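Structure, as structure tokens:
Every number for a ligand or one of its atoms is a count from 1 in the order of the listing. Since this is a predicted model, take the numbers as computed values, not measurements.
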Amino acid sequence: MTAGMRVADAVGQGLAKLGAEVVFGVVGSGNFHVTNALIAGGARFVAARHEGGAAVMADAWARTTGRPGVVSVHQGPGLTNAMTGIAEAAKSRTPLLVLAAEAPEIRSNFHVDVAGLAAAVDAVPERLYSPASALADVHRAYQTALGRRTVVLALPLSVQAAVWEAGPSRGGLGGSSPLVSTVQAAPRTYPPAPSPEAVTAIAAVLRGAVQPVFIAGRGARGRAGRACARAELERLAEACGALLATSAVAKGLFRGNPWDLDVSGGFASPLAAELITGADLIIGWGCSLNMWTMRHGKLIGTGATLIQVDDDATALGAHRPVHLGVLGDVAETARAVADAYQPVAGAAGYRSPELRERIAREVRWRDVPFTDDSDGQRIDPRTLSIALDDLLPAERTVAVDSGNFMGYPSMYLSVPDEAGFCFTQAFQSIGLGLASAIGAAVARPDRLAVAALGDGGALMGVSELETVVRLGIPMVVVVYDDEAYGAEVHHFGPDGDPLDTVRFPPADIAAIGRGFGFEGVTVRTAADLATVRGWLDGPRERPLLIDAKVTSGRGSWWLEEAFRGH
Ligand SMILES: Cc1ncc(C[n+]2csc(CCOP(=O)(O)OP(=O)(O)O)c2C)c(N)n1
Ligand SMILES: [Mg+2]
């Protein structure tokens, strides 16, 4: 950074120095210079076709890497277009920095209340105040994002255009204002260690438990500077004989462990639900035990004890009363409890050789018998999903959109680990799945990205098909196409309500995909999936779009659960 440069340039380069690696965005005049400065500073820029897509891509990238995502948007409509993605990220506590150009002049046609928009979706409003404070402002915003917040940093056009007020360089940003050094001198924060009393209490309750179940959530996943808590949780579970499960956002975390029940909640298989309901102790590890994960409480057996461990005090007991709430980093707490735990001689907890065999045989959804509804014209979504699970390489990232169909890929497609599942569902918006898959694919180019969408969500987010092609991502997009907003059809249909508003004529989504440069295939039978094998065996030069015409006779069993949450 040199004296006399524009603030926009100093901000972009300063952010790149702070660690912004990949920036997603749509460039207009208001974020042109700052984005180019980020690139000049060494960041990679990924152009989305819609700001909603850009925000979701950055969110998914952040979830997959565990590092803060960055989005760059134009003033006014650039930000309003991005709002759904920002709301999803904020609700998910994704570390995300939104660079939002701002026209502060009230009479500007681009004027919106940037801070108000941010606050409205529980993102943190931040601001570039002046040329002198610019780098301190950027640093503060980035630090806040690192603390698992979604931050909207307003970049007023006038401040961006001003000459950066640099003094003698000191500190990592090359910055100069007194604020910069003040901020940089601030102590780093460390995850809270559990209190010794809490560790003793958990160990004592575990010792008295006969059938304990651990449910790991978002807080057990890895993130910047902190590894995933899998090893610590497995060690403790082994010592006390606990079974293992996750919330949906942590799916895959215990993949391969013989005591893994996979996801707890609406997506739980019958055996998983039976075993969780049979627990006399449930410990949520970085998991809020909310209505989704606990099926509105139905997965909690009568008399079961609930413990929640979280590094955020406000999360404890937020969704349901717990007998013991422990403030502490998940891995640290599990390690400390394992060290303190005194095994009960001869007790195996919830684990027995018979149960281990039963889990191996029955816990996966694909091993649960069902009547195949495929009729030659339309394929049963379960049959489709199982066939895809067999066909697609194990090293995959599955991203799922919202809708009636969403359980099929979530339940029938296995993932290699928790980073292999991208579930941007905190806001329950449709239309985010494709952009989620793109962000995750940019984060993990070594894995095959699989975007699982409904026809409604696919057409809502359709513009990003061009992004997939342009970036050369060898993605598989599978559309569970029932020619309807199936969620509404199945929810209201049984009441005899008119359904014309939620049904659509057939759309040739494979042809739409081809128009964007995909290889497009329409699937009506399992045999039609031969093309998928052909694509997988080939050079995968173009991404693949599968328009699967699915049967829609029955609503999904997790859907009613979801509607109960409204
Ligand atoms: C942005 C947004 N608009 C509307 C809704 C309400 N909604 C929930 S599911 C759904 C239907 C989605 O249709 P599709 O993607 O085809 O999936 P399906 O339910 O048919 O499986 C709609 C419209 C929503 N969740 N988000
Ligand atoms: Mg549909």
Report summary line: If you scan protein heavy atoms around atom 1 (C) of ligand 1, the nearest is Ser429 OG, 3.5 Å

Query raised in the report: Quick one: are the ring centres of Phe24 and Phe45 less than 6.0 Å apart?
Result: no

Report summary line: If you scan protein heavy atoms around atom 9 (S) of ligand 1, the nearest is Ala487 CB, 3.5 Å

Report task. Applying side chain to side chain contact (heavy atoms under 4.5 Å, CB included), run through Leu79 and Val114 and close with a yes or a no. Result -> CA-CA 8 Å; Leu79 179 60; Val114 174; 3.8 Å; yes

Query raised in the report: How about Phe110 and His74: are their ring centroids closer than 6.0 Å?
Result: yes

Report task. Please check if any side-chain donor atom of Thr94 sits under 3.5 Å from a side-chain acceptor atom of Thr150, or the reverse. Result -> no

Report summary line: When distances are taken from atom 25 (N) of ligand 1, the protein heavy atom at minimum range is Gln428 O, 2.8 Å

Query raised in the report: For atom 20 (O) of ligand 1, what is the nearest protein heavy atom, given as residue, atom name and distance?
Result: Gly486 N, 2.6 Å

Query raised in the report: Just checking, any donor-acceptor pair under 3.5 angstrom between side chains of Ser72 and Thr35?
Result: yes

Query raised in the report: With atoms numbered from 1 as shown, which atoms in ligand 1 lie under 4.0 angstrom from a non-hydrogen atom of Asn404?
Result: 18 (P), 19 (O), 21 (O)

Report summary line: min-distance protein heavy atom vs atom 14 (P) of ligand 1 -> Gly456 N, 3.4 Å

Query raised in the report: So, Ser402 and Gln425: side-chain donor and acceptor under 3.5 Å apart, yes or no?
Result: yes

Query raised in the report: At what distance is the nearest protein heavy atom to atom 21 (O) of ligand 1, and which residue and atom is it?
Result: Phe405 N, 2.9 Å

Report task. Check whether any N, O or S atom of Phe405, backbone or side chain, sits closer than 2.8 Å to the Mg ion (ligand 2). Result -> no

Query raised in the report: Hey, are Arg366 and Asp390 close enough for a salt bridge, meaning a charged N less than 4.0 Å from a carboxylate O?
Result: yes

Query raised in the report: Ring centres of Phe423 and Phe421 under 6.0 Å apart?
Result: yes

Query raised in the report: Considering only heavy atoms of Asp482, which atoms of ligand 1 have at least one such atom less than 4.0 Å away?
Result: 20 (O)

Query - contact_flag Ala484 ligand 1 heavy-atom lt 4.0 Å - result: yes

Query raised in the report: What protein heavy atom sits nearest atom 10 (C) of ligand 1, and how far away is it?
Result: Glu488 OE1, 3.1 Å

Requested in this report: Give, for atom CD1 of Ile282 and atom CG of Leu299, the distance between the pair rounded to the nearest 0.5 Å.
Outcome: 7.5 Å

Query raised in the report: In the protein, what heavy atom is nearest to atom 26 (N) of ligand 1, and what distance, to one decimal place, separates them?
Result: Ile430 N, 3.2 Å

Query raised in the report: What angle, in degrees and rounded to 10°, do you get at the Mg ion (ligand 2) when you join it to OD1 of Asp482 and to OD1 of Asp455?
Result: 90°

